[in-house]
Visitor: 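This is the structure, below, for whatever I ask next.
Per chain, numbering begins at 1; letters A, B, ... match sequence-line order.
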Amino acid sequence: MSEEKSYVADIDRSIYDIKDVENDDFRMKDGLSHEIIDKLSEEKHDPEWMREFRHKSLDIYNQLGVPDWVPNIDGLDMDHIATYVRPKSKMENTWENVPDDIKETFERLGIPEAERKSLAGVGAQYDSELVYHNVKDDVSKQGVVYTDMESALTGEYADMVHEYFMKLVPPTDHKFAALHGAVWSGGSFVYVPKGVHLDIPLQSYFRLNAKGAGQFEHTLIIVDEGADLHFIEGCSAPKYNVANLHAGCVELYIKKNAKLRYSTIENWSKNMYNLNTKRALCEENAVVEWVSGSFGSHVGCLYPMSVLKGDNSRTEFTGVTFAGATQNLDTGAKVVHIGENTTSYMNTRSISKDGGISTFRSSVVVQKSAKNAKSAVSCQSLMLDSESRSDTIPAMDIRTKDAAIGHEAKIGAISDDAVFYLMSRGISEEDARALIVSGFADNVSKELPMEYAVEMNNLIRLEMKGSIG
Amino acid sequence: MGKDNLLEIKDLHVSVGEKEILHGVNLEVGRNETHVLMGPNGTGKSTLGYAITGNPGYTVNSGKIILDGEDITEMSVNERAKKGVFLSFQNPLEVPGVTLSGFIRSALEEREGRIKLWDFIQKLNKTMDLLNMDRSYAQRDLNVGFSGGEKKKAEILQLLMLEPKLAILDETDSGLDVDAVRTVSQGIKLYQEQCKGSLLIITHSTKILEALTVDVTHVMEKGKIVREGDVSLVNEINEKGFENFGKDAE
């Protein structure tokens, strides 16, 4: 059992200490300054408005305190935040420095060597670069724009980026949104023109792993009227990053009669503080579906929000969170009903194991204008041992009289009888438990494309290995 | 001994928690024999089934369980299953997210390594047809939302797919309508004939036995086997009921 060591346990701090010594000349002893922002902006050849935007965001960042609703992030060195955003932030990392357990996990997940290096942030892209370009060419024939954010800023769609960038998640939202606004880099820009239905999902997998991107990446997706897109972010391989803060931002605009499915499998290495902000704006009759699997990070705060502005717009959130040893994952979803006849549905599962903490927050707001709104929230938690913790925190703010609102929450443990039943057919205890846990998470795996679902189940199996004393 | 037994149970004492349920059970089942275990409610019939299967909730205080000449008393549940022990559950558990076909395949692969998918599907379909099970059940979550009858059929489907050496059927006929009992009974008969397996059928009623050849009948009372006989014992109990039957035996 021990040879199939489960996962990326919390990483020894000493790795960073060593790195800090090595990179001391890069290290800036103070916090973020306007000077650093200028350097960053110059480096990125920002248009003028973006340079100003970054500076403004920095001011906001300096004014705001750390939000009081997040789990403890004391381990995050906010005083030396500049370390995380050094302009020439090429990963000065080597394969030798990647912790063994991460390497092992790559191996267990069956990821080829070249790709492993890329995922670990130590290699350039290999085949994936090629695949990405092929996909890009393919979709561009249909008029779809799929590019990195930097190119989008100066390219054909520069005005569109200017119009939408951080309008849905303004820097004033919270301290990490402000930080993002000041130092963002990388990410994807997608525009799907009116009426275009993409039959293959676009996968950021090919992009995010490039050149250590993915720390403050910005994803901006605009699905125009009547169009349909499935976008997949991340992959199940543990992503290792020498800097341990991830404050990305995702903004999704779904126009009239359009549909977007946004799927994420997140497995940051377990030293990460994942403070990500995701938001979608639905116009009339638009649909946004979130499919989300959260497995990685040391501390995670993730509450994708859907703003149902247009009449008859809908959202569905399907999520699973797996918090193992040393992990504190605070996840959930928010919905704001503004338009009439708007519908939201959240269906989440959380699993906690070996002292992991999993908190599910749901927030449903039905504004006065949202006549005949419907919302249902269902949350199930599975605790694999008595050291682990699982909390469910629902919040509802309903301002109409005719809203139909439902909420259900269940907390349970793996039933010994079910384990016995599976074992009585020859399945080992470990596999029986893994089967039950994967089955518990099938709300998400059923929604994922086959290869991702298989990966996710492998991931759960790995997390469950060695869990039997 | 003399006889080549598949299963031998020797002076088995089993307790659940503090309470001893089985007070020294002795039982022998020969190869390809069909045994019936009868007795009033709460006498320990299911306990015996669980003890043979190795349910960790049931503690063997003393005695031995021998399968195929090998002492399996201390073996884990899954190891016993791999040696050929099968229990058809009285109340099969619901396992969301695990499909019936996926489950059977995992169980087979656990024993035999990789199996040929095509052959597996062929056999699964054939067996489901035989049991009058809609094929769509194969892709449904294990027992989730199955009716009582479908659950029992799914157990017999597993029996016929896994082909164990020893099948213990715990009240497989309870809660079934007449047609379902007949179908299930046909399935059991097939197991008798094709798999040449041994059966220990725990039952209250005799409906399920009608189509089967019964070799030995055991009657259990208060945690002990109190009487053994041939199939005529089943008829006797059927006529007199356990209460009167018990009185006669004393």
Visitor: Has A/R425 got its NZ or CZ under 6.0 Å from the middle of the six-membered ring of B/F86, at an angle within 45 degrees of the ring axis?
Guide: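 Yes, a cation-pi geometry.
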Visitor: Give the minimum heavy-atom separation between B/S106 and A/I427, together with the two atoms involved.
Guide: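 Closest approach of B/S106 to A/I427: CB-CD1, 4.0 Å.
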Visitor: Report the option among A/A441, A/S415, A/S424 that has the most heavy-atom pairs separated by less than 4.5 Å from atoms of chain B.
Guide: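 The residue among A/A441, A/S415, A/S424 with the greatest pair count is A/S424.
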Visitor: What part of B/Q158 gets closer than 4.5 Å to chain A, counting heavy atoms only: side chain, backbone, both or neither?
Guide: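 The side chain, not the backbone.
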Visitor: Please look at B/N91 and chain A and tell me whether the side chain, the backbone, both or neither of the residue comes under 4.5 angstrom of a heavy atom of that chain.
Guide: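 The answer is neither part of B/N91.
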Visitor: Side chain, backbone, both or neither: which part of B/L108 has an atom under 4.5 Å from a heavy atom of chain A?
Guide: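 Answer is neither: B/L108 stays 4.5 Å or more from chain A.
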Visitor: So which atom in B/A81 and which in A/M423 form the shortest heavy-atom distance, rounded to 0.1 Å?
Guide: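 Shortest heavy-atom separation between B/A81 and A/M423 comes out as CB-O, 3.8 Å.
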Visitor: Does A/K374 NZ have over 12 foreign heavy atoms under 6.0 Å away?
Guide: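 No.
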Visitor: Determine, step by step, whether B/D141 and A/D442 satisfy the side chain to side chain contact (heavy atoms under 4.5 Å, CB included) criterion, reporting the C-alpha distance in whole Å, the side-chain angles of both residues, the deciding distance to 0.1 Å, and the verdict.
Guide: CA-CA 10 Å; B/D141 288 0; A/D442 83 323; 4.0 Å; yes
Visitor: Considering only heavy atoms from C-beta outward, does the side chain of A/I436 approach that of B/V95 to under 4.5 Å?
Guide: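 Touching, per the 4.5 Å side-chain cut-off.
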Visitor: NZ of B/K151: more than 12 outside heavy atoms within 6.0 angstrom?
Guide: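 Atom NZ in B/K151 is crowded, with more than 12 foreign heavy atoms closer than 6.0 Å.
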Visitor: Picking from A/L422, A/L435, A/N443, A/D416, which has the most non-hydrogen pairs under 4.5 angstrom with chain B?
Guide: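 Most pairs with chain B among the choices: A/L422.
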Visitor: Do the ring planes of B/F89 and A/Y421 sit parallel (below 30°), tilted (30 to 60°) or perpendicular (above 60°)?
Guide: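 Ring orientation of B/F89 relative to A/Y421: perpendicular.
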Visitor: Would you find more than 12 non-hydrogen atoms of other residues, nucleotides or ligands less than 6.0 Å from B/R140 atom CZ?
Guide: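 Counting other residues, nucleotides and ligands, CZ of B/R140 exceeds 12 neighbours.
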Visitor: In this structure, are over 12 heavy atoms from other groups packed under 6.0 Å from A/R314 atom CZ?
Guide: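 Not more than 12 within 6.0 Å, no.
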Visitor: Between A/S428 and chain B, with a heavy-atom cut-off of 4.5 Å, which part of the residue counts as in contact: side chain, backbone, both or neither?
Guide: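 Interface part for A/S428: both.
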Visitor: Testing the basics here: between A/D431 and B/E110, what is the closest heavy-atom pair and its distance to 0.1 Å?
Guide: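 A/D431 and B/E110 have their closest heavy atoms at OD2-OE1, 3.8 Å.
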Visitor: Is any side-chain heavy atom of B/L93 less than 4.5 Å from a side-chain heavy atom of A/F420?
Guide: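 B/L93 does not reach A/F420 side chain to side chain.
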Visitor: Decide if atom CD of B/E112 counts as having more than 12 heavy atoms of other residues, nucleotides or ligands within a radius under 6.0 Å.
Guide: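 Yes - once you tally the heavy atoms of other residues, nucleotides and ligands closer than 6.0 Å, there are more than 12.
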